[in-house]
Engineer: 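Let me give you the structure first, and then I'll get to my questions.
Indexing begins at 1, ligand by ligand and atom by atom, following the structure's order. Basis for what follows: all heavy atoms, side chains included, without hydrogens, waters or symmetry-related copies.
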Amino acid sequence: MMMEQTEFDEDVMPSAIDDDEDVFKDLLNVPADWSANDCLSTGIFNSFDPDEVVYRAQKKPCKTVGKYVMGDLLGEGSYGKVKEVLDSETLVRCAAKILKKKKLKRIPNGEKNVLNEIQLLKTLRHLNVIELVDVIVNEEKEKMYLLLEYCVGGLQDMLEHSPGSKFPCWQAHNYFSQLINGLEYLHSRGIIHKDIKPGNLLLTLDETLKISDFGTAEALSPFDPEGICASSQGSPAFQPPEIANGADEYSGFKIDIWSSGVTLYNLVTGEYPFEGDNVYRLFEAIGKCNIQIPSFVTEPLRSLLVGMLKKDPKKRFTLRTIQTHPWFVCRHPRTSEKVPFPPLRGDFMHNMTVLPYLFNYHSCETPSENEEEYITEQLIKDRPNGSTSVPIDDVNDPSKRPWHKPIMCNVKKMASCRLS
Ligand SMILES: Nc1ncnc2c1ncn2[C@@H]1O[C@H](COP(=O)(O)OP(=O)(O)OP(=O)(O)O)[C@@H](O)[C@H]1O
């Protein structure tokens with residue numbers, strides 16, 4: 001029996017197609033709730049000789065946005081898709097977060113959060129903070145592309161693919177110390193992230209951790225040494241007792257310490273310190289703060305978790321106490337197997353997905369719908385004296401929003417950005 005396999009392009013296929021099993025069920029017209037075993041037992045999947053499989057790759061039309069050549073889908077968040085791209089000038093791999101104005105309007109604070117993220121990321125430069133490389137706007141299509149440093153994935157994905165949904169201690173220590181490094185930088189600049197969790201901690205190919213997702217972050221007033229915040233939109237399981245109990249104001253620094261403590265708890269145990277069937281029950285449990293740490297978590301890690309998850313924010317550890325804590329400072333030799341990056345659509349090596357599009361373009365494709373006008377911003381990172389201060393636009397002023405008035409500095413015609 002000869003069998004053909006087609007490679008799908010997520011541009012033309014619905015996003016559910018990313019799940020291989022769904023693809024086959026769809027093609028074979030099998031009920032969605034059937035398991036693979038159901039299919040086998042009814043003889044729908046016949047065995048076949050792998051040598052007889054013929055792979056027929058579907059053509060991948062090459063699409064460019066500004067100087068960036070688009071690759072495959074990397075992931076999808078509530079704000080939009082994230083695709084791999086290649087900078088055709090520098091040949092650096094990046095990730096493009098694709099945002100549609102229509103979709104943002106449907107998300108509470110959607111547009112405001114995105115603009116907040118752009119404004120904050122423009123001011124930040126640190127090894128452990130995701131870098132915003134460029135912003136491109138297509139006014140006609142009402143689309144915005146945030147070009148970010150390329151990462152292979154997030155800690156959440158890795159946890160989901162690891163035995164017991166946790167990391168060995170030495171691996172958790174590596175990620176946690178990088179998180180604290182990044183957080184120290186953010187706090188020194190008066191920025192409270194407010195949504196620290198494994199899903200917002202990405203890794204590059206060389207295992208450098210990048211704090212990402214600054215949509216709900218807040219830049220504190222430089223005249224407020226206490227770092228008082230009055231709002232939080234972070235993920236419920238990572239919220240501290242003061243927020244769960246409905247306080248009007250709280251120390252922003254201590255929110256990030258708490259959520260980093262929940263993150264560490266999650267990395268080493270595979271569980272959450274507080275759970276609930278719904279947000280109300282969850283907040284009730286967090287508010288009471290009766291913390292149970294599994295018995296396999298021994299000292300000194302135990303006391304670090306207890307210190308970071310203190311109910312009273314004033315008694316909660318500071319970054320300084322964390323950085324001098326015995327578990328933080330001691331070396332953790334690699335004693336067990338590393339939890340690897342999960343594969344991207346079967347590819348453990350995370351090879352560049354842009355290449356097939358480029359091969360296709362250079363072999364046969366004729367210029368297509370690419371001649372659109374984009375407004376691009378190449379962010380200026382090397383500022384004099386290492387200064388990273390950039391005036392933060394008022395995100396509430398509609399006239400300053402990129403949809404209306406570009407915050408960008410140069411305009412490029414798509415046609416001029418085609419690869420030679
Ligand atoms: N810089 C990046 N490099 C590689 N992949 C990325 C990058 N940024 C995001 N991704 C991938 O895209 C997915 C969606 O990211 P995004 O930041 O839009 O949403 P999220 O934080 O996962 O979810 P939400 O926005 O709903 O909180 C991530 O889970 C990750 O797999």
Engineer: Quick check: does C151 get an N/O under 3.5 Å from an N/O on ligand 1?
Structural biologist: yes
Engineer: For atom 10 (N) of ligand 1, which of V82, L344, L146 has the closest heavy atom?
Structural biologist: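 Nearest option to atom 10 (N) of ligand 1, by heavy atoms: V82.
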Engineer: Using a 4.5 Å cut-off on heavy atoms from C-beta on, say whether the side chain of L264 contacts that of L301.
Structural biologist: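 Yes, their side chains come closer than 4.5 Å.
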Engineer: Using a heavy-atom cut-off of under 4.0 Å, does the side chain or the backbone of A95 touch ligand 1, or both, or neither?
Structural biologist: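 Answer for A95: side chain.
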Engineer: If you take all heavy atoms of T318 and I257, which pair is closest and at what distance?
Structural biologist: C-CD1, 4.1 Å
Engineer: Around atom 26 (O) of ligand 1, find the nearest protein heavy atom and jot down its residue, atom name and distance.
Structural biologist: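 The closest heavy atom on the protein side is S78 OG, 2.6 Å.
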Engineer: Side chains of I98 and M70, heavy atoms from C-beta outward: is any pair under 4.5 Å?
Structural biologist: yes
Engineer: Quick one: does E149 get an N or O within less than 3.5 Å of an N or O on ligand 1?
Structural biologist: yes
Engineer: Give the contacting part of E76 toward ligand 1: side chain, backbone, both or neither, where contact means a heavy-atom distance below 4.0 Å.
Structural biologist: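 Looking at E76 and ligand 1, just backbone atoms fall under 4.0 Å.
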Engineer: Take atom 29 (O) of ligand 1 and look for protein heavy atoms under 4.0 Å from it; say yes if you find one, no if not.
Structural biologist: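 Not a single protein heavy atom is under 4.0 Å away.
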Engineer: Check N200, L186, D195 against F214 for a side chain to side chain contact (heavy atoms under 4.5 Å, CB included) and give me the one that passes.
Structural biologist: L186
Engineer: At a 4.0 Å threshold, what atoms of ligand 1 neighbour a non-hydrogen atom of G75?
Structural biologist: 12 (O), 13 (C)
Engineer: Pick whichever of N200, N113, L202, L203 has a heavy atom sitting closest to atom 7 (C) of ligand 1.
Structural biologist: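 Residue with the shortest heavy-atom distance to the ligand atom: L202.
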Engineer: To check your reading of the model: name the closest protein heavy atom to atom 16 (P) of ligand 1, its residue, and the distance in Å.
Structural biologist: K97 CE, 3.7 Å
Engineer: Return the minimal non-hydrogen interatomic distance between H332 and W170, and the atom names on each side.
Structural biologist: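 Minimum heavy-atom contact is O-CB, 3.4 Å.
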Engineer: Taking all atoms of both residues into account, what is the closest heavy-atom pair of N116 and A217, and its distance?
Structural biologist: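 Smallest heavy-atom distance, with atoms named: ND2-O, 2.8 Å.
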Engineer: Give me the residue, atom name and distance of the protein heavy atom closest to atom 21 (O) of ligand 1.
Structural biologist: D213 OD2, 3.1 Å
Engineer: Where is the nearest protein heavy atom to atom 19 (O) of ligand 1: which residue, which atom, and how far?
Structural biologist: G77 CA, 3.3 Å
Engineer: Partners of R302 by salt bridge (charged side-chain N to carboxylate O under 4.0 Å, His left out), sequence neighbours excluded?
Structural biologist: none
Engineer: Tell me, please, which residues at least two apart from N113 pass side-chain hydrogen bond (donor to acceptor under 3.5 Å, both in side chains).
Structural biologist: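 With neighbours one apart ignored, the set is Y79, Q233.
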